[in-house]
Amino acid sequence: MRINGVEIEDTFAEAFGMQAAKVIITAVNERWAAIAAQTATGFATSIIGCGCEAGIDMVLPPEQTPDGRPGVVALFFTTSSKDMEKQLISRLGQCVMTSPTSACYDGLGSEIKLKIGGKLRFFGDGFQGSKLIEGRRFWRVPMMDGEFVVEESFSVCKAVGGGNFFILAETLKAALSAAEAAVEAMRKVPGVIMPFPGGIVRSGSKIGSKYKGQHVSVNTAYCPTIRNQTESELPEGVNAVLEIVIDGLDEAVISETTRVGILSACQPGVVRISAGNYGGKLGPYRFHLRKIMG
Amino acid sequence: MTLQNRNGDKEASPITLRLKEPTSIPIEADTVSPDHFIGRSLKDIAALPVYFGRRKRNLGDVFHIEGEESDQVIVEGDLAHVKKIGYGMTRGRIVIRGNVGQHTGACMRGGEIIVEGHVADRAGIHMEGGRLWIKGNAGHLLGAAYPGERRGVNRGVIIVEGNVGSETGAFMRRGLIVVMGDTGEFVGARMIAGSVFVFGHLGKRAGAGMKRGSIVAFGACEPLLPTYRFESVFQPVFIRVFVNRLRQWGLPVNIERTEGLFRRYSGDITALGKGEILIYDSNE
């Protein structure tokens, strides 16, 4: 299969189950909502070293937020709901509560709830108060700029993490240009994040290492500079590879994001689109590139 | 005739009760509730008891009843002396076409009551859930507590598009009362928690003896009790959350005032002192 002359390899991206939370962060204006959201989703590129994967899903207009102020939707992904609770308490507590004029709300409304605002409220030192409407409790914690409003509980749901595809290009410039175009298009799909810097990762990994205690290591098969020292997967003429990793609220949204991304990535200078196939070791979800693009 | 649910879907034909003849004798109709009607034929519903003055009668003696089995109920006629409609109800909806008597929606725990006219005293008293929506005015002790009780409304929403009498939300424990018009005295007196929003004129002695909770005045208000202390001027975000919800329910709330600055007074210092009265100050 070829799209715009770019080969779509007959392979699949392997992904795994995760837990997701959707947090709506609002503030006095979009700038401050974005600052709070960016800070809360910082250092959250990979579950391996960051504790969670997180990113900004979309910007919400005032009409679509619970308090009628500009907002941003941030998605958080962890391997368990226990980890999610820990991550949300620290990230919302340290990054959103601290940000001027911010407030944050549950954006999922599923049945599995984690008490987040119900724990952050203790920062109020006895002067916090709550408001209840239609079964949803909102805590009001006094702050030096007024009040921080945070919902008592945040929902988690089953989600899919680690969807991906590789862009194999003749030059780094072509790979980066294609990846940037892909991420720009993919960001328009709701319900997904691309957690790595700018949505792009150059340090694609494989499971295992020659070193004890190192559970993952660089995906040597896709590193052009050691092509002849390893069992390389790179075709002739490929000198740079970039990967886009996708976490989404369900399989369908990852498939759609992959489709949109690959379509945009098939640009001049790109030789092949491949994916992180780990032979079934990584997880139960498989995203067949040709099926998705068909 | 069909009703529509909140999603706009048509529902089964409701049960309609029409008062046979106007009377000044009080009728205690606490059996007029979807909870009592579900699973009963019209004949069984007509046999439910009501008190007509001090005499025990059947519902069918007092009302014409028609419709099919449904948790949607319409009550029509001059109901100013009909009391306790929707008492303790947990589900469904009652639409009252006209003015209605005391204790409407008292102790209700779920469902919805819509009153298209005025209600007398003690509407929504001791409510524990659901929604009571009054298009006209309400009397005294709206969403309050029965004499001798130390805790009143505990959850639920009461909306009054007109004016209300005295002691609205007295002893309230949780929940929300919204008054689009003016209020009498002692709004939120001895309130324990919860919220009362007043868009008209807030009467005298609001929040007397209040422990916790919020009274929000979007319009003018009488001078507060001296047991309230000014804290600061700020923009309370929670008001916007509540007002957003009210607008989604279709209540015509002026958004400008909800986005403005409010003066916060805390009190009542004769009680716990953790209550607040927020008074609209200005737009930023």
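Letters go in sequence order (proteins before strands), and every chain restarts at 1. In this text the structure is predicted, and so the values were computed from the model without any measurement.
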TODO: Against chain B, work out which of A:G146, A:G135, A:G68, A:G129 has the most heavy-atom pairs shorter than 4.5 Å and name it.
DONE: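 Of the candidates given, the most pairs with chain B belong to A:G68.
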
Open item on the list: Quick check for you: among A:V149, A:D145, A:T65, A:I133, which has the greatest number of heavy-atom pairs under 4.5 Å with chain B?
Closed with: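 Winner by heavy-atom pair count: A:I133.
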
Is there a side-chain contact between [X] and [Y], using heavy atoms and a 4.5 Å cut-off?
X      : Y      : result
A:Y105 : B:V241 : yes
B:N244 : A:D67  : no
A:R137 : B:R174 : yes
A:E134 : B:W249 : yes
A:R69  : B:V237 : yes

Open item on the list: Which residues in residues 207-214 of chain B have any heavy atom closer than 4.5 Å to a heavy atom of chain A?
Closed with: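 The residues closer than 4.5 Å to chain A, in numerical order, are B:G213, B:S214.
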
Open item on the list: At under 4.5 Å between heavy atoms, what parts of residues 265-275 of chain B are in contact with chain A? List them by residue number.
Closed with: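 Residues of residues 265-275 of chain B touching chain A at under 4.5 Å: B:K274.
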
Do other residues, nucleotides or ligands put more than 12 heavy atoms under 6.0 Å from the [atom1] atom of [X]?
X      : atom1 : result
B:R122 : CZ    : yes
A:E30  : CD    : no
B:R109 : CZ    : no
A:Q94  : CD    : no

Task: Greatest number of heavy atom pairs closer than 4.5 Å to chain A - which of B:R264, B:R240, B:E276 - done: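 Looking at each option in turn, the highest pair count goes to B:R240.
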
Task: chain A contact via B:Q248 - side chain, backbone, both or neither, heavy atoms under 4.5 Å - done: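 Contact with chain A involves no heavy atom of B:Q248 at all.
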
Open item on the list: Taking B:F238's backbone N and O only, do any of them form a donor-acceptor pair with A:K131's side chain (distance below 3.5 Å, no angle check)?
Closed with: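 Not at all, since once roles are kept as given, no pair shorter than 3.5 Å links the two residues.
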
TODO: Report the distance from atom CZ of B:F234 to atom CD of A:E147, rounding to the nearest 0.5 Å.
DONE: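 Output value for this atom pair is 4.0 Å.
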
Task: Sequence-distant partners of B:F262, ring-ring contact (aromatic ring centres under 6.0 Å, His included), two or more places apart - done: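 If we apply the ring-ring contact (aromatic ring centres under 6.0 Å, His included) test to B:F262, skipping adjacent residues, the hits are B:F218, B:Y280.
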
Could you pull out every donor-acceptor pair under 3.5 Å between side chains of residues 151-161 of chain A and any protein atom, sequence neighbours left out?
from	atom 1	to	atom 2	distance (Å)
A:E151	OE1	A:D106	N	3.0
A:E151	OE1	A:R136	NH2	2.8
A:E151	OE2	A:R136	NE	2.7
A:E151	OE2	A:R136	NH2	3.3
A:E152	OE1	A:W139	NE1	2.9
A:S155	OG	A:D106	OD2	2.6
A:S155	OG	A:G109	N	3.3
A:S155	OG	A:S110	N	3.1
A:S155	OG	A:S110	O	3.3
A:S155	OG	A:K113	NZ	3.2

